[in-house]
Visitor: 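Pasting a structure below so you can have a look.
Residue numbering restarts at 1 for every chain, and letters A, B, ... go by the order of the sequence lines.
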Amino acid sequence: MVPLSWYIILSSILFVIGLGGVLLRRNILIVLMSVELILNSVNINMVAFSYFHQNLRGQIFSIFVIAIAAAEVAVALGILIALVRNKAAINVDDIQIMKG
Amino acid sequence: MEQIFFFIFAILAVVSAMAVVSFKNPVHSVISLLVCFIQMAALFVLLRSPFLAAVQIFVYVGAVLVLFLFVIMMLDIRKASMDRFVPGGHFWPVAILVVLIIEMVLIVSKSKISSIVVSSPIRLDGSVKEVGEALFSKYILPFEVVSFILLVALLGAIVLGRKELR
C-alpha cells in the first residue's frame, strides 16, 4: 500500500522541476515542455486524491486538464511557428514584439 | 510489492523530468518527456485508474509529443541557438528550487496527510463505464465546453500556422 503523501511528494518534486524549466531555460520549446510537466504533476495529485477518497471527481478533472493541455500545445506551437517564420526567434529573450 | 513499483516509476519519472529540463537538444528533451509521461501512466494504473492511463498514453505520447517532434523537425533547430542548462551558471536559482523541494517534502511528511488511508468501501475501479457515465450525466456541461475549446484551439492553430500570415 503506497501512502498518499508519497504521491504528493512525487508530484511536488515534478512541479518544482517543471518550474525550474520554465524559469531557467531560454529555449521556448523546452519552456513549453516544462509547462506540460507541471500540468502532469497536478494530474498525479488529483488522481491520487481521487483514489484515496474514492471519489471520481479528481479523475474527471484530470481528463479536462489533459484536454486543455492538448489545446494549449496546439495553439502554442502555432504561435511558435508563426514567430519563427517572421522573426527567427526561438529564444524567449528575443521575443519583444509585444513590448510597448 | 506495490511500493517497489512505485519507487521504480517515481525515480524514473523524476530522473527523466530532470533530463527534460537539462538537455541541450530539444529532441532529446522530447524523448525524455515521453519516458516521464509513460511513467505517469504507470502511476495512474497503480492508482486504479486504467482509463486515465490509456488517455495519458493516447493524448500525450500519441498526440502532444508527436506534435512537439513535428514542430522541432519543421523548425531548423541547428540555426536556432541551443542554450545549455549549466547548473554552475545558475547556482542560486537551482539552490532555491532545491530548498523549495526540501521544504515541500518536509511539510507533506510532517502533516496529517501521511496518515490518510483509502476510505473503507472501495467503490471505484476507474473503468471506462464509470468515467463515461459521470462525463455524460453529471459533467456534461464541462465536457461540451472542453470540446468547444478544442475546436477553437484547432481553428486557431490552423489560422496561426498559415503561410501568408503577416
Visitor: Does V27(B) form a side chain to side chain contact (heavy atoms under 4.5 Å, CB included) with L69(B)? I'd like the steps, not just the answer.
Guide: CA-CA 7 Å; V27(B) 180; L69(B) 267 184; 4.1 Å; yes
Visitor: Considering only heavy atoms, which portion of V71(B) lies under 4.5 Å from any heavy atom of chain A: side chain, backbone, both, or neither?
Guide: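 The side chain, not the backbone.
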Visitor: Who among P142(B), S111(B), A13(B) has the most heavy-atom pairs with chain A under 4.5 Å?
Guide: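 Top option by heavy-atom pairs under 4.5 Å: P142(B).
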Visitor: What part of V30(B) gets within 4.5 angstrom of chain A, counting heavy atoms only: side chain, backbone, both, or neither?
Guide: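 Both parts, heavy atoms under 4.5 Å.
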Visitor: Measure distances from I60(A) to the heavy atoms of chain B and classify the residue's part below 4.5 Å as side chain, backbone, both or neither.
Guide: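 The side chain, not the backbone.
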Visitor: With chain B as the partner, which of V31(A), L19(A), V75(A), L23(A) has the greatest number of non-hydrogen pairs under 4.5 Å?
Guide: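 Max contact count across the listed options: V75(A).
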Visitor: Would you say M74(B) ends up clustered with I158(B) if hydrophobic residues are merged whenever their side chains have heavy atoms under 4.5 Å apart, either directly or through other cluster members?
Guide: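 Not linked; separate clusters.
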Visitor: Between I9(A), V47(A), I44(A), which has the largest tally of heavy atom pairs under 4.5 Å with chain B?
Guide: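 Most heavy-atom pairs within the cutoff with chain B belong to V47(A).
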Visitor: Determine whether Y139(B) and F61(A) satisfy the following criterion, side chain to side chain contact (heavy atoms under 4.5 Å, CB included), listing intermediate values before the conclusion.
Guide: CA-CA 10 Å; Y139(B) 299 96; F61(A) 221 87; over 6 Å; no
Visitor: Please walk me through it: do I101(B) and V98(B) pass side chain to side chain contact (heavy atoms under 4.5 Å, CB included)?
Guide: CA-CA 5 Å; I101(B) 288 179; V98(B) 169; 5.6 Å; no
Visitor: If you tally heavy-atom pairs under 4.5 Å against chain B, which of E72(A), M33(A), H53(A), R57(A) wins?
Guide: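 Max contact count across the listed options: M33(A).
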Visitor: Select one option (side chain, backbone, both, neither) describing which atoms of L14(A) are under 4.5 Å from chain B's heavy atoms.
Guide: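 The side chain, not the backbone.
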Visitor: Counting only heavy atoms closer than 4.5 Å, note whether L32(A) contacts chain B via side chain, backbone, both or neither.
Guide: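 For L32(A), heavy atoms of backbone and side chain both lie under 4.5 Å from chain B.
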Visitor: Below 4.5 Å from any heavy atom of chain A, which atoms of F5(B) appear? Answer side chain, backbone, both or neither.
Guide: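 Neither part.
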Visitor: Which residue out of P3(A), S34(A), A48(A) racks up the most heavy-atom pairs below 4.5 Å with chain B?
Guide: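 Most heavy-atom pairs within the cutoff with chain B belong to A48(A).
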Visitor: Say whether, by atom type as modelled, one donor and one acceptor occur between the side chain of S49(B) and the main chain of F44(B) under 3.5 angstrom.
Guide: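 Yes; at least one donor-acceptor contact below 3.5 Å.
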Visitor: Please list, one pair per line, the donor and acceptor atoms closer than 3.5 Å that link side chains of residues 51-65 of chain B to other protein atoms, with sequence neighbours excluded.
Guide:
{"residue": "Q56(B)", "atom": "NE2", "partner": "N40(A)", "partner atom": "OD1", "Å": "2.9"}
{"residue": "Y60(B)", "atom": "OH", "partner": "E36(A)", "partner atom": "OE1", "Å": "3.4"}

Visitor: What do the steps show when you test L43(B) against L10(A) for side chain to side chain contact (heavy atoms under 4.5 Å, CB included), and what is the final call?
Guide: CA-CA 11 Å; L43(B) 283 173; L10(A) 172 68; 3.3 Å; yes
Visitor: Side chain, backbone, both or neither: which part of N43(A) has an atom under 4.5 Å from a heavy atom of chain B?
Guide: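 The answer is both parts of N43(A).
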Visitor: Pick whichever of C36(B), A153(B), A134(B), G156(B) has the most heavy-atom pairs under 4.5 Å with chain A.
Guide: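 Greatest number of close heavy-atom pairs with chain A: A153(B).
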Visitor: Assigning hydrophobic clusters by single linkage (Ile, Leu, Val, Met, Phe, Trp, Tyr; side-chain heavy-atom cutoff under 4.5 Å), is V94(B) placed with I102(B)?
Guide: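 Linked within one cluster.
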Visitor: Name all residues meeting the side-chain contact (heavy atoms from CB on, under 4.5 Å) criterion together with F148(B); count only those two or more places apart in sequence or in a different chain, and write none if there are none.
Guide: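 For F148(B) the side-chain contact (heavy atoms from CB on, under 4.5 Å) partners, ignoring immediate neighbours, are V152(B).
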Visitor: Using heavy-atom distances under 4.5 Å, tell me whether L33(B) contacts chain A through its side chain, its backbone, both, or neither.
Guide: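 Just its side chain gets close to chain A.
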Visitor: Can you tell which part of V131(B) gets under 4.5 Å to a heavy atom of chain A, answering side chain, backbone, both or neither?
Guide: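 Contact with chain A involves both backbone and side-chain atoms of V131(B).
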Visitor: Let's test your reading of the structure: which of I79(A), L77(A), L4(A) forms the most heavy-atom pairs below 4.5 Å with chain B?
Guide: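 So the answer, after comparing I79(A), L77(A), L4(A), is L77(A).
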Visitor: Measure distances from I68(A) to the heavy atoms of chain B and classify the residue's part below 4.5 Å as side chain, backbone, both or neither.
Guide: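 I68(A) touches chain B through side-chain heavy atoms alone.
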Visitor: I'd like to know which of L47(B), V105(B), V20(B), V146(B) tops the heavy-atom pair count under 4.5 Å against chain A.
Guide: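 Ranked by heavy-atom pairs under 4.5 Å with chain A, first place is L47(B).
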Visitor: Side chain of R48(B), backbone of L46(B): donor and acceptor closer than 3.5 Å?
Guide: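 Looks like yes, one N/O pair under 3.5 Å.
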Visitor: If only atom types and distance count, is the side chain of S50(A) paired as donor or acceptor with the main-chain N or O of N55(A) below 3.5 Å?
Guide: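 Checked: pair present.
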Visitor: Determine whether the aromatic ring centres of Y7(A) and F6(B) lie less than 6.0 Å apart.
Guide: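 Yes; F6(B) has its ring centre under 6.0 Å from that of Y7(A).
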Visitor: Against chain A, label M1(B) side chain, backbone, both or neither, depending on which of its atoms sit under 4.5 Å from a heavy atom there.
Guide: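 For M1(B), neither part sits under 4.5 Å from chain A.
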